Amino acid sequence: MNQQQLINLAFTAADNAYTPYSNYKVGACLLCKDGNYFLGANIENASYGATNCAERSAVFAAYSYGYRKDDFDTLCIVCYGKTIAAPCGICRQVLSELLNQDTPIVLANKENSMVTTIAELLPMQFTSEDMK
Ligand code: THU
């Protein structure tokens, strides 16, 4: 799958976002090395803190099917905004544990795209190692 196909799939997830409060739709597609992929969208709630972001939805779906960090090829996150959306702080913490440090993360809107990693997005990570 090429990068544009991955972005297109993530936009299909964004179209399924449930966003009655922000009306800001985000989509994610987590491509696995075996060719399978998992979509995720942001799902909001009247109790705002209960909202699940698109990238967490996709990663949790993959884990729910038994996939683990070594199985992932690329995570793609897209939005319809004027600017590319970088993952929020909670998502960065989740991705720091559930993705490999060097797994490519494609960020895109309709106009632009860039590639990063969780190592770049979240330096000085808090991990289970810190609790020993
Ligand atoms: N959101 C995501 O789904 N992913 C991000 O990376 C940034 C924020 C969602 C959460 C909420 O539904 C909406 O965008 C506005 O914050």
Side-chain angles (χ1 to χ4, degrees):
M1 186 179 311
N2 66 34
Q3 193 177 98
Q4 191 55 52
Q5 290 171 315
L6 195 57
I7 290 169
N8 292 345
L9 280 167
F11 271 111
T12 66
D15 291 336
N16 290 326
Y18 174 73
T19 59
Y21 307 104
S22 72
N23 198 32
Y24 180 74
K25 294 180 182 298
V26 184
C29 182
L30 178 57
L31 178 65
C32 302
K33 290 174 181 167
D34 67 3
N36 200 359
Y37 61 83
F38 293 88
L39 300 182
N42 53 330
I43 309 296
E44 298 185 343
N45 193 276
S47 175
Y48 294 176
T51 292
N52 215 53
C53 291
E55 51 273 61
R56 272 183 288 141
S57 298
V59 172
F60 291 164
Y63 268 72
S64 300
Y65 273 82
Y67 287 78
R68 292 295 181 264
K69 56 171 83 174
D70 286 342
D71 301 320
F72 302 143
D73 180 85
T74 308
L75 174 63
C76 177
I77 306 163
V78 304
C79 68
Y80 284 103
K82 282 187 197 150
T83 55
I84 288 173
C88 77
I90 292 173
C91 285
R92 290 179 200 212
Q93 179 64 28
V94 169
L95 296 179
S96 76
E97 183 156 338
L98 300 186
L99 289 189
N100 280 327
Q101 292 296 309
D102 60 351
T103 299
I105 302 175
V106 176
L107 304 176
N109 63 6
K110 281 293 180 187
E111 287 81 36
N112 297 300
S113 66
M114 60 173 289
V115 185
T116 184
T117 62
I118 192 58
E120 185 172 61
L121 288 169
L122 188 62
M124 285 188 69
Q125 296 172 8
F126 176 75
T127 72
S128 59
E129 292 299 307
D130 295 306
M131 292 189 286
K132 287 180 180 161

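Values reported hereafter were calculated over all heavy atoms of this structure, with side chains retained and with hydrogens, waters and symmetry mates removed. On a predicted model such as this, the values are computed, not experimentally measured, just so you know. Position 1 is the first residue of the sequence, and the numbers go up from there. Both ligands and their constituent atoms are indexed starting at 1 by order of listing.
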Please report, to 0.1 Å, the donor-acceptor pairs under 3.5 Å made by any side chain of residues 74-86, with sequence neighbours excluded.
from	atom 1	to	atom 2	distance (Å)
Tyr80	OH	Asp15	OD1	2.5

The salt bridge (Lys or Arg N to Asp or Glu O under 4.0 Å) partners of Glu111 (sequence neighbours excluded) come to none

In chain-and-number order, ligand 1 lies under 4.0 Å from a heavy atom of each of Ser22, Tyr24, Val26, Asn42, Glu44, Thr51, Cys53, Ala54, Glu55, Ala86, Pro87, Cys88

Thr19 meets the side chain to side chain donor-acceptor pair (under 3.5 Å) criterion, sequence neighbours left out, with Lys25

Could you verify whether a donor N or O on one side chain and an acceptor N or O on the other, from Tyr67 and Asn36, lie under 3.5 Å apart?
yes

Determine the interplanar angle of the Phe72 and Tyr63 rings, folded into 0 to 90°, and report it as parallel if under 30°, tilted if 30 to 60°, perpendicular if over 60°. tilted

Nearest heavy-atom contact between Gly40 and Ala13 is O-CB, 3.2 Å

